[in-house]
Amino acid sequence: MLSVVSKTQLLQLDSVSSVVRAHYAPVFSRIGAYDRDLLDQAAWSDGPRRPRRLVEYWAHEAALIPVEDWPLMRWRMARYEYGRWTSMRAAVENNPALGKDILEVIAEVGAATAGTVERHLELDKPRTKGSWWNRTDTKMICEQLFAIGALSVGKRVGFARHYDLAERVLPSAVLTREVAEEDAVRELILRAATAHGVGTEADLRDYYRLKRAQTEPAIAELVDAGELIPVTVEGWDKPAYLRAGTPTPRRVEGAALLCPFDPLIFFRARTERMFDFHYRIEIYTPEHKRVHGYYVFPFLLNGELVGRVDLRAERASGRLVVPGAFAEPGHDTPATASALTGALREMADWLELDEVVIGDRGNLAALL
């Protein structure tokens with residue numbers, strides 16, 4: 001499992017659970033069925049026999065990264081003094097002592113949700129229920145403290161963050177390591193290049209949500225040092241870069257269902273450039289306007305994205321439901337359907353679901 005992270009460098013987190021949480025899926029796509037508890041233990045438990053190997057922070061988006069990479073984000077923590085959003089700045093300015101109070105509560109009670117902290121602070125007041133943006137000031141400031149690195153995530157229960165003091169989550173050698181922004185950016189670009197194989201400046205920049213002003217000088221320095229090799233890719237109108245020593249496979253074989261937040265496809269411009277595959281997630285699109293479905297997995301077969309599958313895991317009934325299955329032009333063939341059938345059965349077995357139920361939407365449905 002950790003060997004996958006050594007290649008992808010990060011696993012994006014997302015709350016959608018229509019099939020399986022986003023951070024679990026990329027590991028399955030690359031190595032097949034594995035015990036998800038191993039990933040949970042690596043990220044959200046710690047002990048002398050099994051030290052924590054992954055930690056949460058804002059990398060691409062919210063993501064799990066190797067613990068040793070946490071100091072590479074210090075420059076970002078400094079920029080998040082007032083959090084990541086304007087609403088957080090208002091919460092901090094309106095409650096100048098609340099951050100200190102929150103830290104004191106968590107120091108006393110241990111890893112806790114924002115709701116638990118509120119109750120300890122006797123701030124649990126009635127409030128409107130609704131969107132994410134209706135968070136209380138306590139939640140906002142917990143997030144701000146997480147963004148600046150004062151808090152980390154000690155554990156998750158039902159996917160809810162239980163914040164803890166960073167010094168109780170991270171080893172002291174990691175916590176005290178200082179990395180200058182320029183050095184950190186170079187390291188992050190090298191990690192992005194490892195994950196990509198070949199990437200343009202925009203590809204490398206997007207992987208950790210960097211800025212062009214950071215990446216362009218860093219890439220030039222890495223090229224001068226021989227750590228990145230400039231290359232051209234047929235059909236690309238921008239220069240690309242290869243990490244020195246990256247092996248080139250003789251062939252690409254295999255089938256995999258990719259969740260919408262898989263690192264291979266989460267930069268949609270790269271996905272289209274590499275695979276001629278236009279992909280947009282339709283979760284926030286009104287149902288009657290969706291083209292392919294609510295939670296659609298692209299299907300990778302022998303190095304090509306040949307289709308896409310709308311998926312639901314109905315755990316109560318033990319069914320993996322496929323409301324729609326769509327082949328890319330020229331791939332609506334028995335061979336594609338056969339490979340996809342195997343991939344769906346493998347996913348159902350991994351999720352401990354008994355049946356795969358095929359709907360009637362899409363040009364692959366009848367073949368499946």
| message | For Arg50, I'd like to know if atom CZ has over 12 heavy atoms of other residues, nucleotides or ligands within 6.0 Å. | response | no

| request: Evaluate the side-chain proximity of Leu54 to Val67: yes if any heavy-atom separation is below 4.5 Å, no if none is. | output: no

| request: For the residue pair His196 and Tyr207, categorise the inter-ring angle as parallel (less than 30°), tilted (30 to 60°) or perpendicular (more than 60°). | output: perpendicular

| query | Aromatic ring centroids of Trp350 and Tyr34 under 6.0 Å? | reply | yes

| message | So, applying salt bridge (charged side-chain N to carboxylate O under 4.0 Å, His left out) with Asp69, which one of Arg53, Arg76, Arg191 is it? | response | Arg191

| task | Give, for atom OG1 of Thr246 and atom CG of Leu242, the distance between the pair rounded to the nearest 0.5 Å. | result | 4.5 Å

| task | Considering only NZ, NE, NH1 and NH2 on the basic side and carboxylate oxygens on the acidic side, decide whether Glu93 and Arg89 come within less than 4.0 Å. | result | yes

| query | Quick one: do Ile219 and Val198 end up in the same hydrophobic cluster if we chain Ile, Leu, Val, Met, Phe, Trp and Tyr together by side-chain heavy atoms under 4.5 Å apart? | reply | no

| task | Report yes if some heavy atom in the side chain of His292 is under 4.5 Å from a heavy atom in the side chain of Val309; otherwise report no. | result | no

| said: Under a 3.5 Å threshold, yes or no: a donor from one side chain and an acceptor from the other, between Thr333 and Thr336? | reply: yes

| said: Could you check whether Thr136 and Glu118, counting side-chain N and O atoms only, form a donor-acceptor pair closer than 3.5 Å? | reply: yes

| message | I want to know whether Phe266 and His60 have ring centres closer than 6.0 Å. | response | yes

| message | Checking Tyr80 against Met88 for the side chain to side chain contact (heavy atoms under 4.5 Å, CB included) test, could you report, in this order, the C-alpha distance in whole Å, the side-chain angles of both residues, the deciding distance, and whether it holds? | response | CA-CA 10 Å; Tyr80 287 162; Met88 285 186 181; over 6 Å; no

| field | Audit row: Tyr163, Lys155, side chain to side chain donor-acceptor pair (under 3.5 Å) steps and yes/no | value | CA-CA 7 Å; Tyr163 301 96; Lys155 61 182 179 179; over 6 Å; no

| task | Look at the side-chain heavy atoms of Ile, Leu, Val, Met, Phe, Trp and Tyr, link any pair under 4.5 Å apart, and say whether Val153 and Leu39 land in one connected group. | result | yes

| Between Val16 and Tyr279, is there a shared hydrophobic cluster once you connect ILVMFWY residues whose side-chain heavy atoms come closer than 4.5 Å? | no

| request: Identify whether NZ of Lys or CZ of Arg in Arg177 sits under 6.0 Å from the centre of the six-membered ring of Trp70 and within 45° of that ring's axis. | output: no

| query | So, is the end of the Arg21 side chain (NZ or CZ) under 6.0 Å from the ring centre of Tyr24 and within 45° of the ring's axis? | reply | no

| task | Starting from the C-alpha separation in whole Å, work towards a yes-or-no answer on side chain to side chain contact (heavy atoms under 4.5 Å, CB included) for Phe28 and Leu351. | result | CA-CA 10 Å; Phe28 168 74; Leu351 297 177; over 6 Å; no

| Any ion pair linking Arg186 and Glu181 (charged N to carboxylate O, less than 4.0 Å)? | no

| task | Verify, without hydrogens or angle tests, whether Arg156 (side chain) and Asp40 (backbone) share a donor-acceptor contact under 3.5 angstrom. | result | no

| Should we say atom CG of Asp360 is surrounded by more than 12 heavy atoms from elsewhere, each under 6.0 Å from it? | no

| message | Quick check on Asp276: does its CG atom have over 12 non-hydrogen neighbours (other residues, nucleotides or ligands) under 6.0 Å away? | response | no

| request: Test side chain to side chain donor-acceptor pair (under 3.5 Å) on Arg119 and Thr116 and set out the steps. | output: CA-CA 5 Å; Arg119 288 189 288 275; Thr116 299; 3.3 Å; yes

| Residues Glu104, Lys100: salt bridge by 4.0 Å N-O rule | yes

| message | One thing to verify: whether Glu282 and Arg290 come together as a salt bridge, which I'm taking to mean a side-chain N less than 4.0 angstrom from a carboxylate O. | response | no

| said: Less than 4.0 angstrom from a charged side-chain N to a carboxylate O is my criterion; do Arg161 and Glu56 meet it? | reply: yes

| task | Mark yes or no: Arg84 above the aromatic ring of Trp58, with NZ or CZ under 6.0 Å from the six-membered ring centre and no more than 45 degrees from the axis. | result | yes

| Quick one: do the Arg243 and Thr194 side chains pair a donor with an acceptor below 3.5 Å? | yes

| task | Would you verify whether the NZ or CZ of Arg308 falls within 45 degrees of the ring axis of Phe297 while also being under 6.0 Å from that six-membered ring's centre? | result | no

| Do Glu253 and Arg251 pass the salt bridge (Lys or Arg N to Asp or Glu O under 4.0 Å) test, and can you show the C-alpha distance, the side-chain angles, and the key distance before you say yes or no? | CA-CA 6 Å; Glu253 295 179 344; Arg251 61 185 181 274; 3.4 Å; yes

| task | Give a yes/no verdict on a cation-pi contact between Arg52 and Trp44, requiring under 6.0 Å between NZ or CZ and the six-membered ring centre and an angle within 45° of the axis. | result | no

